[in-house]
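By convention here, the first residue in the shown sequence is residue 1. Worth knowing before you read on, the calculation uses all heavy atoms, side chains too, and leaves out hydrogens, waters and symmetry mates.
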Amino acid sequence: MAWEEIMYLGLDLGTSGVKALLIDAEQTVIGSGHASLDVSRPHPGWSEQDPSHWIHACEEAIAELKASHPSQLAAVKGIGLSGQMHGATLLDSADKVLRPCILWNDTRSHAEAAALDADPRFRQLTGNIVFPGFTAPKLAWVKNNEPAVFAKVAKVLLPKDFLRLWLSGEYISEMSDSAGTSWLDVGKRRWSADLLAATSLDEKQMPSLVEGTEKAGALRSELASKWGMQAGIPIAGGAGDNAASACGMGTVGPGHAFVSLGTSGVLFAANASYLPNPASAVHTFCHALPNTWHQMGVILSATDSLNWLAEITGKGAGELTAELGDTLNAPSGVSFLPYLSGERTPYNDAAIRGAFTGLAHESSRVVLTQAVLEGVAFAFRDSLEALATAGTTLTRVTAIGGGSRSRYWLKAIATALDLPVDIPADGDFGAAFGAARLGLLAATGADPLSICTAPRTDATIEPDAALGGVYADAYQRYRALYPAIKVATA
């Protein structure tokens, strides 16, 4: 054959499912497979998954790809991994999973997080508050509440790195995901022995570390044979889901930013240097690319807020947003606080809960939908303000995530942020695509900046200047509600 087909595979382990994405050497998306996952919530504030379900979902997603693109799957030369961050996957000395994985949005360890955060070494070395969703306080909770489990812990792996263990037999992680554990010295990009010791752990219980663009294991022959692939294909270090999305979006240089409207919401900005400011509740993490960092403001319930309203009203999320029409409305006076499972930026408050205020007899379903979209937009404004206090100024953002299909929501976000919002041209630029790019980089050694380029902009949503003033007033009303709600729920 005169010309050999070359493919790269991205695997993204999300909270709601696993996605497998194939790209070719020109980074054109060739095909994808998907399998769904469920979340278990056995107690209020708990959120767990069985890691064996991740393997089954990965098998299902790859089987779908194999059925539709067998020859392209056989041509894969590199694999990249992306995944939900912070999850505590606990293994014994025989690699047996000791308990369900405690997920990123689990808040049971709020007391342990506060205790660790009171130790000044954590903020000093990690550049972050110790949030209840991070990995270290989860291990402290396990020690306090499940001591028999804790005594057996031989390895602690993040979700995507548990998949890597299955794919390659290697205990390896990378900087972007590990930065969300509260055990990484984020400035020096290495595990901190002091922080591990503070949770009665040591470096032997951690995976080794590489950069996201580097080789981190190779595909086992057993799986390669099953999928019709070559054994020994390099697996990239990969990235946590947001850093992987940034690689897919080309958000890798200073001043580049995106707003992600997914289950959670993220305002993500790339940085060429380490700029911690933990007091602002902004996340400061390593990026997937060497010598690069990023900052994030995080909203725990973004599209989850709209999905909650959809379930309550018996209408689909798309139906609800369609009722608003195409023209941005002035805020109605009804406010919504999207704190359905607590909030990260800017409050670091696991106990706070959401609220509607200003309700009246005339508050229709449409009014409630509008308030939910505005509430999430104002939560992004909180993150923008927090990023500014951490030294990052943005001039525009690119929108990604399922919620970005709503032009009304993007208009509300543009107006709340007073920034233009770019909509990328049709294509898949999310975490699985970023993971595939990292697989390409690990296999070829190419220049990351030449690969992690930005997509073409299809349209730009400008702030609605006519509504700028009333939106600013509504944001101030929104900001004033948190102290009152905090007192009421304390």
Across all chains, not counting sequence neighbours, the side chain to side chain contact (heavy atoms under 4.5 Å, CB included) partners of Pro420 are Arg396, Thr460, Glu462
Taken to the nearest 0.5 Å, the spacing of Leu261 CG from Phe380 CZ works out to 4.5 Å
Should the heavy atoms of other residues, nucleotides or ligands under 6.0 Å from CG of Asp95 be counted, would the total exceed 12? yes
Show, in sequence, the C-alpha distance, side-chain angles and deciding distance for Val76 and Gln230, and conclude whether the side chain to side chain contact (heavy atoms under 4.5 Å, CB included) test is met. CA-CA 8 Å; Val76 167; Gln230 299 173 13; over 6 Å; no
With sequence neighbours excluded, what pairs up with Ala425 under the side chain to side chain contact (heavy atoms under 4.5 Å, CB included) test? Arg456, Asp458
Using 30° and 60° as the class limits, which term best fits the ring planes of Trp46 and Trp141: parallel, tilted or perpendicular? perpendicular
Could you check if a side-chain atom of Leu275 sits within less than 4.5 angstrom of a side-chain atom of Trp293, using non-hydrogen atoms only? no
Polar side-chain atom of Thr292 near backbone of Ala288 as donor-acceptor pair, under 3.5 Å: no
Measure the spacing between CE of Met249 and CD1 of Ile400 and express it to the nearest 0.5 Å. 6.0 Å
Taking the side chain from Thr126 and the backbone from Leu184, do they hold a donor-acceptor pair closer than 3.5 Å? no
Is the distance between the ring centroids of Phe131 and His283 under 6.0 Å? yes
Are any side-chain N or O atoms of Thr457 and backbone N or O atoms of Ile423, one a donor and one an acceptor, separated by less than 3.5 Å? no
Any donor-acceptor N or O pair under 3.5 Å, side chains Asn105, Ser341: no
With a 3.5 Å distance limit and no angle check, can you tell me whether Ser40 reaches the backbone of Glu48 through a side-chain donor-acceptor pair? no
Looking at residues at least two apart in the chain, or sitting in another chain, which of them share a salt bridge (charged side-chain N to carboxylate O under 4.0 Å, His left out) with Lys66? none
Can you find a heavy atom in the side chain of Ser178 that is under 4.5 Å from one in the side chain of Leu158? yes
Under 30°, 30 to 60°, or over 60°: which ring-plane class applies to Phe268 and His294, parallel, tilted or perpendicular? parallel
Hey, does the side chain of Thr415 reach the backbone of Ala412 with a donor-acceptor pair shorter than 3.5 angstrom? no
Answer whether the closest heavy-atom distance between the side chains of Cys247 and His287 falls below 4.5 Å. yes
NZ of Lys152 to CG of Leu98, rounded to nearest 0.5 Å, is 7.0 Å
Ser176 side chain vs Gly240 backbone, donor-acceptor pair below 3.5 Å: yes
Please name the pair of heavy atoms, one in Trp191 and one in Thr181, separated by the smallest distance, quoted to 0.1 Å. CZ3-OG1, 3.6 Å
Are Thr398 and Pro424 side-chain neighbours, meaning at least one heavy-atom pair lies under 4.5 Å? yes
Set of residues satisfying side chain to side chain contact (heavy atoms under 4.5 Å, CB included) with respect to Asp202, sequence neighbours excluded: Lys204, Gln205
For residues 12-25, pull every pair meeting side chain to side chain donor-acceptor pair (under 3.5 Å), keeping only residues two or more places apart or in separate chains. Asp12-Ser82, Thr15-Trp104, Lys19-Asp428
Leu103 backbone acceptor or donor facing Gln49 side chain under 3.5 Å: no
If a pair satisfies ring-ring contact (aromatic ring centres under 6.0 Å, His included) and one of its residues is in residues 168-187, list it, with sequence neighbours excluded. none
Are any of the side-chain heavy atoms of Leu165 and Leu91 separated by less than 4.5 Å? yes
Considering non-hydrogen atoms only, spot the tightest contact between Gly78 and Ala443 and give its length. CA-CB, 4.1 Å
If you define the side chain from C-beta out and look only at heavy atoms, does anything of Phe162 sit under 4.5 Å from Cys101? no
Suppose the criterion is side chain to side chain donor-acceptor pair (under 3.5 Å): which pairs have a residue in residues 375-384, not counting sequence neighbours? Arg381-Glu385, Asp382-Tyr475, Asp382-Arg479
If I take atom CG from residue Leu9 and atom CG from residue Leu21, how far apart are they, to the nearest 0.5 angstrom? 8.0 Å
Does anything in residues 213-225 pair up under salt bridge (Lys or Arg N to Asp or Glu O under 4.0 Å), and if so which pairs, sequence neighbours excluded? Arg220-Glu222
Is it true that Glu203 and Arg190 make a salt bridge, defined as a side-chain N closer than 4.0 Å to a carboxylate O? no
I'd like to know if the side chain of Ser173 reaches the main chain of Leu209, judged simply by a donor and an acceptor atom lying under 3.5 Å from each other, with no hydrogens or angles considered. no
Please enumerate all residues that pass salt bridge (charged side-chain N to carboxylate O under 4.0 Å, His left out) together with Glu146, with sequence neighbours excluded. Arg99
Residues that Asn291 engages under side-chain hydrogen bond (donor to acceptor under 3.5 Å, both in side chains), provided they are two or more places apart: none
Residues which pass side chain to side chain contact (heavy atoms under 4.5 Å, CB included) with Leu394, listed by chain and number, not counting sequence neighbours: Ala257, Leu267, Ala269, Leu384, Leu387, Thr392, Val397, Leu419
Is there a side-chain contact between Leu300 and Leu340, using heavy atoms and a 4.5 Å cut-off? no
Counting heavy atoms not belonging to Arg405, are there more than 12 under 6.0 Å from its CZ? no
Ignoring hydrogens, what is the shortest heavy-atom contact between Ala446 and Leu441? Give both atom names and the distance. O-CD2, 3.4 Å
Which heavy atom of Asn307 sits nearest a heavy atom of Ala317, and at what distance? OD1-CB, 3.9 Å
So Leu73 and Met7, side chain to side chain contact (heavy atoms under 4.5 Å, CB included) or not? Walk me through it. CA-CA 7 Å; Leu73 194 62; Met7 298 285 153; over 6 Å; no
To the nearest 0.5 angstrom, please state how far the CG atom of Asp161 sits from the CG atom of Leu81. 7.5 Å
Could you report the tightest heavy-atom contact between Ala236 and Gly80, atom names first, then the distance? CB-CA, 4.2 Å
Between Ser245 and Gly430 (side chain of the first, backbone of the second, donor and acceptor by atom type, cut-off under 3.5 Å), is there such a pair? no
With Arg407, the side-chain contact (heavy atoms from CB on, under 4.5 Å) member among Val421, Ile461, Asp326: Ile461
Backbone N or O of Gly133 within a donor-acceptor pair of the Lys138 side chain at under 3.5 Å? yes
Approximate separation, where rounding is to 0.5 Å, of Leu90 CG and Lys96 NZ: 13.0 Å
Heavy-atom distance under 4.5 Å between the side chains of Trp227 and Leu65, does that happen here? no
Ion pair Asp177/Lys160, N-O distance below 4.0 Å: yes
Those residues that, when tested against Lys226, pass salt bridge (charged side-chain N to carboxylate O under 4.0 Å, His left out) (two or more places apart): Glu59
Looking at Thr345 and Met296, what are the two nearest heavy atoms and their distance? OG1-O, 4.3 Å
